[in-house]
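Below is one structure. I have some questions about it.
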Amino acid sequence: MTSIVKLFVISPDTRSERRFDLHVTIEQLKAKLELITGIPVQNQKISLHNGDDDSQVVAQLDDDAKPLGYYGVRDFQTMKVVDTNPSTSFTGQLSDVSQVEKFELSDDAYAQRTDSVLAYKQRHKVGRFAPPSTEPTPEPTVNIPIGSRCEVESTEPGLNKRGAVRFFGQTEFAAGLWVGVEYDEPIGKNDGSLKGVQYFTCRPNYGVFVRPPKVTVGDFLVVIYPPSIHSC
C-alpha cells in the first residue's frame, strides 16, 4: 500500500497540488509548506477539508509530533494554510493590487504613441482603419425565366397584377437586376422601353419594370380587369 498522498494546498497567495508522505511529521510538513506558501513555520495554522469550498474542518493538523497519516488524510483532500501573523510575512499582499499605483493614460496621449495597438492598426490598415471594399455586392441568385407567367406585388387590395415576364437582367436606367413584365391589361407605365432604350416590346401602358423580389413566378391565369379599373 502506498504511503504517498495527493493533496491540494491552499494559502492566501497560492494554490497547488502536492504529494506528501504519510509518515512525515507535521513539523516536517510545515517546513515543506513554508517553501510552497511563503508562510513561516511558526505562523502556520493548518486545517484539513474535503474540498476547496468546504468550510467544514475535517481535522486541525496542530500536533507537530504526529505523522500526517495520523489524521486519516485521503487523496485529493485540501489543506488550508493560514498565516496567524501576516503583518510579519506580507501574506496576502502579493495578490492584493488595491494599493498598487496604476498607470493611466489619456485618450489623446494614447493616440500619440507609436508602440500601441492603435498605432499598429493604423500602420497596417486593419479593423476600422481598413480601406472600404471596392468589390461590388454580388446579386442574389434569382430564377425568373423569360416568358413565364407571374404576379407583381400590389399595394391595392383585391388587385392582382398579373402578366408575363418579357425581360430579366441589367438595365441602363438603374443598377442591379430588373424584371420587365407585360401586364394582361393596360395597368403598366410603358411599352417595354425606358429612357430611350427598348428592352422588350408590348402595347403602350402594358409594360412595367420592377425589382425581382416583387415578382412571383407561377401558373397564374390571365386576369381580365373590370372597366372601372381602367377608367381611374
Side-chain angles (χ1 to χ4, degrees), residues 15 51-53 95 97-98 100-232:
R15 184 189 189 281
D52 292 11
D53 301 325
S95 56
V97 298
S98 61
V100 178
E101 183 178 354
K102 298 176 177 60
F103 175 72
E104 296 183 353
L105 196 65
S106 67
D107 292 341
D108 291 339
Y110 178 73
Q112 298 302 316
R113 296 182 68 97
T114 59
D115 58 348
S116 64
V117 175
L118 177 65
Y120 175 88
K121 289 183 176 181
Q122 289 174 327
R123 285 196 302 270
H124 296 277
K125 300 186 184 303
V126 297
R128 61 190 175 96
F129 301 105
S133 175
T134 56
E135 293 290 330
T137 303
E139 291 285 353
T141 302
V142 182
N143 182 25
I144 303 181
I146 303 297
S148 58
R149 291 288 298 169
C150 69
E151 185 171 88
V152 177
E153 180 181 311
S154 175
T155 58
E156 300 178 48
L159 177 60
N160 298 315
K161 295 183 176 181
R162 294 178 178 176
V165 176
R166 300 304 185 200
F167 171 86
F168 178 58
Q170 304 281 344
T171 67
E172 295 183 15
F173 58 81
L177 292 175
W178 290 87
V179 182
V181 176
E182 179 183 3
Y183 282 137
D184 295 338
E185 292 292 309
I187 55 174
K189 297 181 178 180
N190 53 57
D191 61 354
S193 65
L194 193 61
K195 294 187 177 180
V197 179
Q198 194 79 44
Y199 295 96
F200 65 95
T201 302
C202 67
R203 289 169 290 176
N205 297 326
Y206 277 75
V208 70
F209 292 92
V210 293
R211 291 292 191 181
K214 293 184 177 294
V215 177
T216 302
V217 173
D219 296 327
F220 296 107
L221 299 176
V222 176
V223 176
I224 304 299
Y225 294 94
S228 60
I229 293 180
H230 308 318
S231 62
C232 293

Query raised in the report: Does Arg113 reach the main-chain N or O of Leu118 with its side chain, forming a donor-acceptor pair under 3.5 Å?
Result: no
Query - Straight-line distance of Asn205 CG to Ile187 CD1, nearest 0.5 Å - result: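 Here the rounded value is 10.5 Å.
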Query raised in the report: If you round to the nearest 0.5 Å, how far is CZ of Arg203 from CG of Asp191?
Result: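 Asp191 CG to Arg203 CZ: 12.0 Å, rounded to 0.5 Å.
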Requested in this report: Applying side chain to side chain contact (heavy atoms under 4.5 Å, CB included), run through Val181 and Cys150 and close with a yes or a no.
Outcome: CA-CA 8 Å; Val181 176; Cys150 69; 3.8 Å; yes
**Report entry** Cys202 versus Gly192, closest heavy-atom pair with distance
**Finding:**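 Scanning both residues, the minimum pair turns out to be SG-N, 3.9 Å.
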Report task. Kindly indicate whether the side chain of Val208, heavy atoms from C-beta on, has any atom under 4.5 Å from the side chain of Lys161. Result -> no
**Report entry** Check: Phe173 ring centre within less than 6.0 Å of Trp178 ring centre
**Finding:** yes
Requested in this report: Please confirm whether Tyr206 and Phe200 have ring centers closer than 6.0 angstrom.
Outcome: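 For Tyr206 and Phe200, the ring centres are not under 6.0 Å apart.
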Requested in this report: Scan Thr216, Asp184, Asp219 and name whichever one has a side-chain hydrogen bond (donor to acceptor under 3.5 Å, both in side chains) with Arg149.
Outcome: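 That would be Asp184; it is the only one of Thr216, Asp184, Asp219 passing the side-chain hydrogen bond (donor to acceptor under 3.5 Å, both in side chains) with Arg149.
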Query - Inter-residue atom distance Glu182.CD - Asn190.CG, 0.5 Å rounding - result: 11.0 Å
**Report entry** Heavy-atom donor-acceptor pair, Arg162 side chain to Val152 backbone, under 3.5 Å
**Finding:** no
Query raised in the report: Would Arg166 and Ile146 count as a side chain to side chain contact (heavy atoms under 4.5 Å, CB included) if you check the C-alpha gap in whole Å, the side-chain angles of each, and the deciding distance to 0.1 Å?
Result: CA-CA 5 Å; Arg166 300 304 185 200; Ile146 303 297; 5.6 Å; no
Query raised in the report: Would you call Asn143 and Phe168 a side-chain contact if the rule is heavy atoms closer than 4.5 Å?
Result: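 When only atoms from C-beta onward are counted, Phe168 and Asn143 do not touch, as no gap falls below 4.5 Å.
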Requested in this report: Kindly check if the number of other-residue, nucleotide or ligand heavy atoms within 6.0 Å of CZ (Arg123) is above 12?
Outcome: yes
Query - Gln122 CD to Thr114 OG1 distance, which is reported to the nearest 0.5 Å - result: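 With rounding to 0.5 Å, CD (Gln122) is 11.0 Å from OG1 (Thr114).
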**Report entry** OG1 on Thr171 to CZ on Phe209, rounded to 0.5 Å
**Finding:**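 Reported value, rounded in 0.5 Å steps: 7.5 Å.
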Report task. Might you point out which heavy atoms bring Pro145 and Ser148 nearest each other, and give the distance in Å? Result -> O-OG, 2.7 Å
Query raised in the report: Roughly how far, to the nearest 0.5 Å, is CZ of Phe167 from CD of Gln198?
Result: 11.5 Å
**Report entry** More than 12 heavy atoms from other groups under 6.0 Å of CG on Asp107
**Finding:**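 Result for CG/Asp107: open.
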